[in-house]
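A short worksheet on the structure shown next.
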Amino acid sequence: MKISDCDPLQGRRLQVLSPEGKADPELLPEFDDESLRRIFGQLLMGRLFDRHCMALQREGRLGTYAPVEGQEACQVGSVLALAKGDWVVPSFRETMAAICRGVPLETIFRYWMGSEEGSRIPRELRFLPVSIPVGSHTLHAAGMAMAIQYKGEADAVLCYFGDGATSEGDFHEALTFAGVRRAPVVFFCQNNGWAISVPRSKQCAAASLAAKGVGYGFPGIQIDGNDPFAAYLATRTALERARSGEGPTLIEAVTYRLGPHTTSDDPLRYRENAEVEKMRALEPLVRYRQFLKQRGLWSEAWENELAASHQARIEDAARRAESAPPPTPESVFDSMFAALPAHLARQRSELLDALKEG
Amino acid sequence: MKISDCDPLQGRRLQVLSPEGKADPELLPEFDDESLRRIFGQLLMGRLFDRHCMALQREGRLGTYAPVEGQEACQVGSVLALAKGDWVVPSFRETMAAICRGVPLETIFRYWMGSEEGSRIPRELRFLPVSIPVGSHTLHAAGMAMAIQYKGEADAVLCYFGDGATSEGDFHEALTFAGVRRAPVVFFCQNNGWAISVPRSKQCAAASLAAKGVGYGFPGIQIDGNDPFAAYLATRTALERARSGEGPTLIEAVTYRLGPHTTSDDPLRYRENAEVEKMRALEPLVRYRQFLKQRGLWSEAWENELAASHQARIEDAARRAESAPPPTPESVFDSMFAALPAHLARQRSELLDALKEG
Amino acid sequence: MAQMNMVEAINLALREEMERDPDVILLGEDVGKEGGVFRVTEGLQQRFGENRSIDTPLAESGIVGCAFGMALLGLKPVAEIQFMGFLYPAYDQIISHVGRIRNRTRGVYSAPMVIRMPYGGGIHAPEHHSESTEALLAHTPGIKVVIPSSPADARGLLKSAIRDPDPVLFLEPKRIYRAIKEEVPEGEVLVPLGKARRVREGGDLTLVAWGAMVREAQKAAEELAGQGIEAEIIDPRSISPLDEAAIVESVKKTGRCVVVHEAPRTCGLGAEISALLMEQALLYLKAPVERVSGFDTVMPLPKGEHFYLPDLRRILRGARKVLEF
Amino acid sequence: MAQMNMVEAINLALREEMERDPDVILLGEDVGKEGGVFRVTEGLQQRFGENRSIDTPLAESGIVGCAFGMALLGLKPVAEIQFMGFLYPAYDQIISHVGRIRNRTRGVYSAPMVIRMPYGGGIHAPEHHSESTEALLAHTPGIKVVIPSSPADARGLLKSAIRDPDPVLFLEPKRIYRAIKEEVPEGEVLVPLGKARRVREGGDLTLVAWGAMVREAQKAAEELAGQGIEAEIIDPRSISPLDEAAIVESVKKTGRCVVVHEAPRTCGLGAEISALLMEQALLYLKAPVERVSGFDTVMPLPKGEHFYLPDLRRILRGARKVLEF
Amino acid sequence: PAEAEPEAPVAVLPADRKLAEELGVDLVGVKPSGPRGRITAEDIRAAAGAGEARTEAPRE
Ligand SMILES: Cc1ncc(C[n+]2csc(CCOP(=O)(O)OP(=O)(O)O)c2C)c(N)n1
Ligand SMILES: Cc1ncc(C[n+]2csc(CCOP(=O)(O)OP(=O)(O)O)c2C)c(N)n1
Ligand SMILES: [Mg+2]
Ligand SMILES: [Mg+2]
Ligand SMILES: [Mg+2]
């Protein structure tokens, strides 16, 4: 598969799995059955984890949460293409990617439950914590790729962001820097159709976001974002380009945010349910289940068993996250600097004294 | 002339006047001889004014100055396409455009001599003062165009900026907003090859800056920036598009900065003189002189006479600028707000008292 | 007159001003169809159309820079930044252009615009959603900065801000968006910019607080009153320009002052108020002016938020400190 | 030891640190081939190659954001912002990421980086080229802020900044870039961050000044000495964290203090120092702490610059005010 | 300070205010001799020395 076969300026979009779950035999990557089933397992895990977060939030046991429902495929597929040494720079809706990369479920829960412990992701996983200021983290990815390049290492950086993020100046600067330096980074846009209430069409007048690549001197490719194989192929190809010194790639994965923007959001205020229902038919889990079925790799019993074991893992992690000790007052200060400066030490005592007094 | 005839993605560049001064008869706009000569007069005025600023600066009579030498043609040509009601939003190297638009020479001098009076440009001229923070003013142009659109007026906005400015996030946001709103604005990039010491090739990996348009959903066009007719045609067409509700256009005028970045700069530190000499052969004044000569519209005597009268006007304006009264201490405070708040009134007295004491 | 919370009062002010002046125009992320993530602009797009309540692309510098361009041509844009934590990408536009244009053009151009945003902590919001960096704005020349602490003030101040010929940053303490209901007048009842409100009278010490901290100061004052100590509460309402006279006058009377704010302490507005009292009231001070504030740390995530924000306990401690000095 | 001006001293520090540690890497607009618009990085690209002295595209948020990304992976980037007036587009990166990463990840990640920039006025520079908004940075949690006032300090502080495990903003008073020459040590002579320098001893009043204002304070002190008044001068050198003890100790001794800075007065660092003295030295004060500062206006263009910047005359006035109180 | 009538503010350096407290001098009664109507340490010491008479001193 070549990126240039899918020139977005020609209106091409990479798709391996049709909405009916039929795979393009020329493009289908060579995965064994076990791997093909594992992909389903991941998609399902993402879906269940997401639902659990939503449920916990409604019970007041978890804070504002940004659900990933509908976008699982492009996250699963792209993470699958990563090598161990590659770095992932997520935005805030990459729960599925985090799970695939091995970030402990408990840690993910703790983030959304409102604890800094949820950003304490072991460095070895090479998965950065959530980044809330939209678009700002794309620059970090560019800089990390420049660092890798400088050190002469073979790793690459995969950076996720949304369609809305492409409007931010930082996104532009990230692509500009990465393009000029031919840095080993893959810019992965999950165009889920919406930035809160703003539809893609009001975000940017360009026919496709992938077309933006040409303005930075590197290729852009649009893919079906509900197709894990398309995401896998495009990311793999882009990572190869990155590693071989050919520079960045912009991937636009066209997917759909089936849920609300976050648990604080009511999408009925700005979009028709009919649209959501239409898109639900195209969603990745349904499609991938069809695909497995057609290959004889799926049974209801198998899925139920999988779901049950996933659910148990999820609930166990949630329990551990909930029963973790609350933050100490000291923790407000102690990680601010490598060594605590005098004025912070004083403020810390002030707080401790106040708490002691009761 | 159609913008789409010059698709930058096809590597096309609009040129009417060849470097030898030969005009493409199909493209040459219908100007009478008087108008054709007036264009030369303006180019010459720009050149002389620029040189005078450089000279005054060397004598310590003017502050840091950003010379326009080499870039006169695209400024003259684009201003020529403007209607009276259109707005101009310059960067800091649009001295030529300012002169063409009727900004008093004295005012321009005063700006570079270090006085706020140099930004007191009569509103009727619809020419904004210099904007120093690179790229930031492109957003103002977008917003002004949105205001015009909101009011249902027929004016358009012409915004100048450099190749370096296209790397700033604000530039990206300006094009994004203008594109989505289909605002009546023309983004006019003077790609003069350099951003201080950084060559265009290190600014952005895109093959052309004009190609960036596609990322914002509107056309980009690359033109020969040393050709006033190309600038005129492209700007006129873009302004027509703007007025008819078709939205923005990005024009990339490929020109060359023959002088230093500013009077504080020594370009020999970062570029070969050979490059400058090569580009000098392509510069607009020489080329346009050839064009007039070939049409029998030029004589040395005429140019000399013109130069002398221009020079007299320039020196007169410089004299008036130099002999203008210095700023008063009150002027530091009095335009901060429509009404002076108490704390500023107090600070003002403080200063006046200090000065009185001597 | 009707009972309203602050969200409703701000919405009312916007509607009234949009009705009064066709040049008033809203723009921001999600302000239109959705009516804002806090519903502050609810119904205004439906009422005034898509051209007067513009859903912009997701770019804060773009929002402020475009609003500035609109203001240059005589419109009166009211831009919304979705949360104060996302104002920073637009800070360059504010300090380099919005606050300068009148002075640098000697009045040929001006920027009659408002930039509104939810402000402050206390609602268990996600990272970056609880910022209170008003001191950056107070340090920025050429702009006014307003922070209401009640629905009626919010309406009256916002109307003044929209009509002001100069740019106004309007910070809305989201913690009390819906927490306080009061009678809010309609019609031409404006609250002037630059004038403090004496929220409570008292002779024993002065509490200076703004935004959501006014309510905390009120709780502390009630507690103190129970102990026979009468606290005066001054809410500056405009932090730039600051009603220095009102603060100085109160502290000259009480001799004791506690400034309460959510922002980090160092170089916060509390420092400025302390310095003002140093300059204008030193001889009347019976104790050092005390700052009860956020710490010079990152605002903790929700589970630690209560450690960070000044609360009754910490304000009372501060009061005791100045009373027992 | 050699006689050097500040530009040379900073250049030396960069060269030495780049030699010492291959992870130190420069980036910024025009820093490479040209060696910076003030020649501070002159010769370093030639010496260390294009990959260690990177000419970036023209985008400040890009420079800081990429430097941050580099720092996350263990490099020690030294980013240059061409003038402080162009730092603002990068402010979001600084407050939202650079200053937060260690705390928000509980130390899993950190940002050992330096952001250098020419700072302050006094050289008749064009608009936006004379900014001194250090207070914004002092108010920002999680970063350190350093301002040298002499060549030797510049070298020693920059070396400490580069080696510091946390992010340091390094503000270079360009007015004295070439104005002062002094002996600058080579080798492992570091100046610790967070420690003030007593520039001059005296018992009658304390002048607190930093950057180019130290020289102005020195002139004032000499003038006062002629009148038999001995001023002590404290240069904090690091404004964040601030060496509070050094300032407080001096003012406890002298009882009188004038803070001198170029920045606008309101919410400037002068306010913080005044507030600190309020809190920690009130009973030792013989007069209110006086602020001699820039005004709350836009810095005037060159022809009016002298009205704005504190000078000998205004510092002496301030001194007289506290002495005659 | 609970029951006290609101006193007219008296101008005095904080340190001197402390001194008055230590010496048991009620500042309201002290005649100021310092610049701009300020009570000085000497004023306070004098008032303390004057013993009982101090509280009856007339106000400015
Ligand atoms: C700089 C900034 N501005 C505004 C916000 C508030 N906000 C959070 S997510 C969001 C929409 C993001 O849209 P998109 O990039 O498409 O990502 P999605 O939410 O669809 O995954 C907004 C406006 C923010 N977090 N950061
Ligand atoms: C935001 C910002 N960063 C840096 C500068 C310093 N600076 C002034 S002009 C310039 C280069 C501009 O290059 P370009 O946009 O190509 O315009 P040109 O100077 O070539 O006309 C730089 C870096 C600035 N004025 N503003
Ligand atoms: Mg930006
Ligand atoms: Mg989206
Ligand atoms: Mg250029």
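What's counted below: heavy atoms across the whole structure, side chains too, no hydrogens, waters or symmetry copies.
For the options A:Leu139, A:Ile148, A:Val157, A:Thr176, heavy-atom pairs under 4.5 Å to chain D are most numerous at A:Leu139. Ranked by heavy-atom pairs under 4.5 Å with chain D, the first of A:Pro341, A:Ser136, A:Ala142 is A:Ser136. When each of A:Val130, A:Val89, A:Leu344 is scored by its heavy-atom pairs under 4.5 Å with chain D, the top score falls to A:Val130. Taking D:Thr105, D:Leu27, D:Leu193 one by one and counting their heavy-atom pairs under 4.5 Å with chain A, the maximum is reached by D:Thr105. Note on A:Pro133, A:Ala339, A:Gly143, A:Ala147: by heavy-atom pairs under 4.5 Å with chain D, the leading option is A:Gly143. Each of D:Ser110, D:Pro165, D:Pro22 has some count of heavy-atom pairs under 4.5 Å with chain A, and the biggest count is that of D:Pro22. If you tally non-hydrogen atom pairs under 4.5 Å between each of D:Ile54, D:Leu58, D:Asp243, D:Ile101 and chain A, the highest count goes to D:Ile54. Contact count versus chain D (heavy atoms, under 4.5 Å) is highest, among A:Met146, A:His343, A:Arg181, for A:Arg181.
Both the backbone and the side chain of D:Ala59 come within contact range of chain A, with heavy atoms under 4.5 Å apart. For chain D, the nearby part of A:Tyr150 is the side chain; its heavy atoms alone come within less than 4.5 Å. At a 4.5 Å heavy-atom cutoff, D:Leu242 makes no contact with chain A through either its backbone or its side chain. Interface residue D:Leu75: only side-chain heavy atoms are found under 4.5 Å from chain A. Looking at A:Ser331, both its backbone and its side chain come within 4.5 Å of chain D, counting heavy atoms on both sides. Heavy atoms closer than 4.5 Å to chain A are found in both the backbone and the side chain of D:Pro141.
Listed by chain and residue number, A:His172 satisfy the ring-ring contact (aromatic ring centres under 6.0 Å, His included) test with A:Tyr216 (two or more places apart in sequence, or in another chain). Contacts of A:Glu153 classified as salt bridge (charged side-chain N to carboxylate O under 4.0 Å, His left out), with partners at least two apart in sequence or in another chain: none. Qualifying ring-ring contact (aromatic ring centres under 6.0 Å, His included) partners for A:Phe92, counting only residues two or more places apart in sequence or in other chains: none.
At distances below 3.5 Å, not a single donor-acceptor pair connects side-chain atoms of A:Thr166 with backbone N or O atoms of A:Gly162.
Between the side chains of A:Arg93 and A:Tyr160, no donor-acceptor pair of N or O atoms lies under 3.5 Å. Between the side chains of D:Ser250 and D:Thr206, at least one donor-acceptor pair of N or O atoms lies under 3.5 Å. Between the side chains of D:Ser149 and D:Arg197, a donor-acceptor pair is found at a separation under 3.5 Å.
Residues of residues 106-123 of chain A placed with any heavy atom under 4.5 Å of a heavy atom in chain D are listed by number as A:Tyr111, A:Glu116, A:Glu117, A:Ser119, A:Arg120, A:Ile121, A:Arg123.
Taking a cutoff of 4.0 Å between a charged side-chain nitrogen and a carboxylate oxygen, D:Glu16 and D:Lys159 qualify as a salt bridge.
Screening D:Asp164, D:Asp23, D:Asp166, D:Asp21 against D:Lys76 for a salt bridge (Lys or Arg N to Asp or Glu O under 4.0 Å) leaves a single residue, D:Asp21. Results of the salt bridge (Lys or Arg N to Asp or Glu O under 4.0 Å) test with A:Asp86 over A:Arg243, A:Arg126, A:Arg101 single out A:Arg243 as the only residue that passes.
Taking the six-membered ring where the residue is Trp, D:Phe68 and D:His97 present tilted rings, their angle falling between 30° and 60°.
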Problem - Verdict with reasoning, A:Gln190 to A:Gln75, per side-chain hydrogen bond (donor to acceptor under 3.5 Å, both in side chains) - result: CA-CA 9 Å; A:Gln190 292 183 71; A:Gln75 295 184 26; 3.0 Å; yes
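Residue-environment remark: NZ (D:Lys195) stays at or below the threshold of 12 foreign heavy atoms within 6.0 Å.
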